[in-house]
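Values reported hereafter were calculated over all heavy atoms of this structure, with side chains retained and with hydrogens, waters and symmetry mates removed. Residues take their numbers from the sequence shown, with the count starting at 1. Treat the numbers as computed from the prediction; the structure is a model and nothing was measured.
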Amino acid sequence: MSALDKLFNPAQRKRLTAAIPIRVSCRAYTGAPSTADWASLSYAAERYRLPGARLALCRVEEALFTGTILGMGRITGCTAAAAVIVSSSEPLSRLHAGILGEAFALEATSLGLGTCWVSGTYRKRMLTPALKDNEAVLCIIAVGIPAPDSMNPSDRKRKPVERIVKGYDRWPATFRDVAKAVQVAPSAMNMQPWQLALDGRRFILDGSDRSQLDLGIALCHAELALPPHGPWQFGSSRGEPLCWTEVRT
């Protein structure tokens with residue numbers, strides 16, 4: 001995926017990598033992004049594009065968010081969201097959507113804003129971004145000024161890193177840092193449906209094709225945290241992992 005190699009410039013890589021350990025899912029907001037922050041997010045939403053996936057920043061009503069049964073877990077106070085849009089004409093559109101959406105979330109984090117990935121708990125008819133042929137809204141990302149005490153990284157629930165990394169105790173320190181960056185990536189129901197492995201200098205990210213969105217989010221973290229590496233390669237058969245890259249140093 002050569003387009004991913006050019007997605008981030010050095011300044012963006014540094015900024016987004018610094019945001020990885022402090023990004024958390026925020027469900028309570030006190031307002032929309034400021035005018036200056038809205039401009040920055042609009043630029044990010046427009047710039048971050050990969051084949052078959054794009055973002056659209058929208059003003060929304062709080063009633064857009066429904067929460068789970070009896071409204072539990074409903075997002076409150078949020079009046080802005082990024083629509084994550086995919087095209088059915090691109091096989092990797094959901095994977096690309098995960099990469100772009102998480103890059104947007106990290107941009108927002110770097111501005112001091114809160115974000116939350118939202119897939120099924122919103123009223124789809126209330127969100128009407130302009131769509132092209134073969135496009136659909138896959139999910140949305142709530143964004144805004146976080147309520148006090150709503151963004152504590154220590155509240156994150158994640159699997160021990162050893163459960164998602166093959167041979168973690170034998171990994172060099174550089175790759176352990178990459179594994180920890182992937183470990184904190186968000187996923188649906190915090191399932192973390194990915195496995196990491198090293199084969200020589202080949203860094204491997206694997207998982208089910210049914211979890212492409214989550215795997216794209218993890219891949220965004222890996223891309224940012226890895227030392228210099230080659231283009232990502234993608235498996236074409238069941239016997240191959242989802243994707244891998246050759247690390248150069």
Side-chain angles (χ1 to χ4, degrees), residues 1-9 11-13 15-16 19-20 23 25 32-33 37-61 64-65 75 78-111 113-144 185-188 205 209-224 231-232 234 242-243:
M1 183 167 46
S2 59
L4 179 54
D5 303 339
K6 303 177 180 63
L7 189 61
F8 307 113
N9 64 37
Q12 289 164 334
R13 283 183 179 276
R15 183 171 66 251
L16 300 191
I20 286 176
R23 190 223 64 84
S25 295
D37 288 345
W38 184 272
S40 296
L41 293 175
S42 296
Y43 175 78
E46 179 62 29
R47 183 189 179 280
Y48 289 137
R49 292 184 180 230
L50 288 170
R54 63 185 181 92
L55 307 171
L57 188 61
C58 311
R59 301 284 186 185
V60 302
E61 298 179 22
L64 172 71
F65 304 97
I75 289 175
C78 184
T79 56
V84 182
I85 300 169
V86 295
S87 171
S88 59
S89 62
E90 168 55 52
L92 292 176
S93 62
R94 290 173 177 252
L95 187 83
H96 291 174
I99 296 168
L100 298 185
E102 186 62 6
F104 175 88
L106 293 172
E107 286 280 9
T109 299
S110 74
L111 295 171
L113 299 172
T115 61
C116 186
W117 284 86
V118 184
S119 55
T121 54
Y122 68 97
R123 296 179 173 89
K124 296 176 175 59
R125 293 183 179 179
M126 292 184 64
L127 192 73
T128 57
L131 299 176
K132 303 173 184 177
D133 291 343
N134 301 320
E135 283 189 335
V137 176
L138 178 63
C139 59
I140 62 176
I141 301 172
V143 60
S187 59
L205 172 65
D209 189 61
R210 294 189 298 271
S211 303
Q212 280 202 13
L213 180 67
D214 289 339
L215 291 166
I217 295 171
L219 181 53
C220 177
H221 282 218
E223 167 66 19
L224 290 167
W232 286 92
F234 289 84
L242 175 75
C243 62

Hey, does I75 have a side-chain heavy atom less than 4.5 Å from the side chain of C116? yes
Does any non-hydrogen side-chain atom of E223 lie less than 4.5 Å from one of L4? yes
Taking atom [atom1] of [X] and atom [atom2] of [Y], what is their separation to the nearest 0.5 Å?
X	Y	atom1	atom2	result
C220	F8	SG	CZ	4.5 Å
L205	H221	CG	NE2	12.0 Å
S93	I85	OG	CD1	12.0 Å
T109	R15	OG1	CZ	11.5 Å
L7	H96	CG	NE2	10.0 Å
I217	L100	CD1	CG	11.0 Å

Could you walk me through whether L213 and W117 pass the side-chain contact (heavy atoms from CB on, under 4.5 Å) test, one step at a time? CA-CA 11 Å; L213 180 67; W117 284 86; 3.9 Å; yes
What are the two closest heavy atoms between [X] and [Y], and how far apart are they?
X	Y	result
G101	I141	O-CD1, 3.3 Å
S187	D214	CA-OD1, 3.5 Å
R123	F65	NH1-O, 3.8 Å
P129	V137	CG-CG2, 3.7 Å
I140	A83	CG2-CA, 4.2 Å
L131	A136	CD1-CA, 4.2 Å

So I20 and L106, side-chain contact (heavy atoms from CB on, under 4.5 Å) or not? Walk me through it. CA-CA 7 Å; I20 286 176; L106 293 172; 4.0 Å; yes
Please evaluate residues L242 and L219 with respect to the criterion side-chain contact (heavy atoms from CB on, under 4.5 Å), reporting the C-alpha separation (whole Å), side-chain torsions for both, the decisive distance (0.1 Å), and the verdict. CA-CA 11 Å; L242 175 75; L219 181 53; over 6 Å; no
Could you walk me through whether L64 and V118 pass side-chain contact (heavy atoms from CB on, under 4.5 Å), step by step? CA-CA 11 Å; L64 172 71; V118 184; over 6 Å; no
Under 3.5 Å, sequence neighbours excluded: what are the donor-acceptor pairs made by side chains of residues 48-61?
from : atom 1 : to   : atom 2 : distance (Å)
Y48  : OH     : E107 : OE2    : 2.7
R49  : NE     : E46  : O      : 3.3
R49  : NH2    : E46  : OE1    : 3.3
R49  : NH2    : E46  : OE2    : 3.3
R54  : NE     : E135 : OE1    : 3.4
R54  : NE     : E135 : OE2    : 2.9
R54  : NH2    : A130 : O      : 2.9
R54  : NH2    : E135 : OE1    : 2.8

Spell out, as yes or no, whether a donor-acceptor pair under 3.5 Å connects the side chain of Q12 to the backbone of N9. yes
